[in-house]
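First up is the structure itself, then whatever we jot down about it.
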Amino acid sequence: MFANLYLSNMILPASFYTRKDVVRVAKDLLGKVLVTNFEGQYTAGMIVETEAYAGASDKASHAFGNRRTRRTEVMYREGGAAYVYLIYGIHHLFNVVTHLAEVPHAVLVRAVEPLEGIDIMMQRRRMEVLKPNLTSGPGALSQALGIYTKHTGYSLLGPDIYIEDRGIKIKPKEIAAVTRVGVAYAQEDALLPYRFYVRDNKYVSKGKGL
DNA sequence: CAAACGATTTTCT
DNA sequence: GAAAATCGTTTGG
């Protein structure tokens, strides 16, 4: 269809996020383009690594057992909001809230490949030369895109933060599924293959056990 | 109100 | 490869 030419640069609709299979959403996010546009600073990167967090039944999730706190509250919203929080007192981690309201599922975005506004990203990261670690790793990409904890609860339907489908297709064979990073405390749930990344992409974070 | 901890990154050896 | 840096959130008294 010719219409596809016009649809190929679309902001993902709420229906993308409200699906009930968080693992599916995590995989589908690979190849999509995360855009931030704060105060005229336009930056964009293709998502190359994600992790699924399956809420109440997932020991690795902040919302395990339907735990509700001021921090986790945003995960109980309907899919399509940003969940951003601070880890290790230093790093801001960007997550996408999925599923319907009252079901606290989320996808952590762990790495993107920079596409636009690379100069702005390097400025934010205080880097002189372009290296993969500009945006490889959840804390790094958040800093590069200018995302901080104050953005938690922001809508992913725009205008400040949104995710586009630019028609990039990642073939199933290009997607690797492995265990998540930094969740050893989650016991048996730490073994779940909930981390997904694009094979051979140099912006995928090192993590542990690659 | 005090204390422990962590979906990490960087730096140094 | 190992360790330090660093602070908001959560939890317990």
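- Aromatic ring orientation, A/H151 versus A/F38: parallel (interplanar angle below 30°, classes split at 30° and 60°).
- Using a cut-off of 4.0 Å between Lys/Arg side-chain N and Asp/Glu carboxylate O, A/R180 and A/D58 are scored as salt-bridged.
- Listed for the A/D165 side chain is no donor-acceptor partner under 3.5 Å among the backbone atoms of A/L12.
- For A/E49 and B/dT8, the CD to P distance is 10 Å, given to the nearest whole Å.
- Taking atom NZ of A/K131 as the reference point, atom C1' of B/dT11 lies 12 Å away to the nearest angstrom.
- A/H62 has its NE2 atom 9 Å from the P atom of B/dT8, to the nearest Å.
- Close to B/dA7, at under 4.0 Å from its OP1 or OP2, lies no side-chain N or O of A/R195.
- Judged by distance alone, the side chains of A/T36 and A/T43 do bring a donor and an acceptor atom under 3.5 Å apart.
- For the pair A/R68 and A/Y76, the distance from NZ or CZ to the six-membered ring centre is under 6.0 Å and the angle to the ring normal is within 45 degrees.
- The other residues sharing a hydrophobic cluster with A/I87 are A/Y53, A/V74, A/M75, A/Y83, A/Y85, A/Y88, A/L93, A/V97, A/L108, A/V183, A/Y185, where clustering joins ILVMFWY side chains under 4.5 Å apart.
- Residue A/F64 contributes atom CZ, which lies 18 Å from atom C1' of B/dC5 at whole-angstrom precision.
- Under a cutoff of 6.0 Å and an axis angle of 45°, A/R19 and A/F16 form a cation-pi pair.
- Distance, A/L192 CG to B/dA7 P: 16 Å, rounded to whole Å.
- Residue A/R180 has no polar side-chain atom (N or O) positioned under 4.0 Å from OP1 or OP2 of B/dT8.
- Here A/A140 lies in heavy-atom contact (under 4.0 Å) with sugar-phosphate atoms only.
- Using a 4.0 Å heavy-atom distance criterion, A/R68 is classed as making no nucleic acid contact.
- Side-chain contact of A/E113 with A/T135: a donor-acceptor pair under 3.5 Å is absent, judged by distance alone.
- The stretch residues 73-111 of chain A comes close to DNA chain C through A/L86, A/Y88, A/G89, A/I90, each having a heavy atom under 4.0 Å from the strand.
- Rounded to whole Å, atom C1' of B/dT9 lies 9 Å from atom CG of A/N133.
- At the heavy-atom level, A/Y185 lies under 4.0 Å from the strands shown only through sugar-phosphate atoms.
- Comparing C/dT10, B/dT10, B/dT8 by their closest approach to the side chain of A/R125 singles out B/dT10.
- Annotated as anti: C/dA4, whose O4'-C1'-N torsion sits more than 90° from 0.
- Going from atom CG of A/L134 over to atom P of B/dT9 covers 13 Å, rounded to whole Å.
- When all heavy atoms of A/S57 and A/D189 are compared, the pair lying nearest together is O-OD2, 3.5 Å.
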Subject >> Nucleotide-level pairing of DNA chain C, given in dot-bracket where Watson-Crick and G-U pairs need both distances under 3.5 Å and | marks other strands >> reply: |||||.||||||.
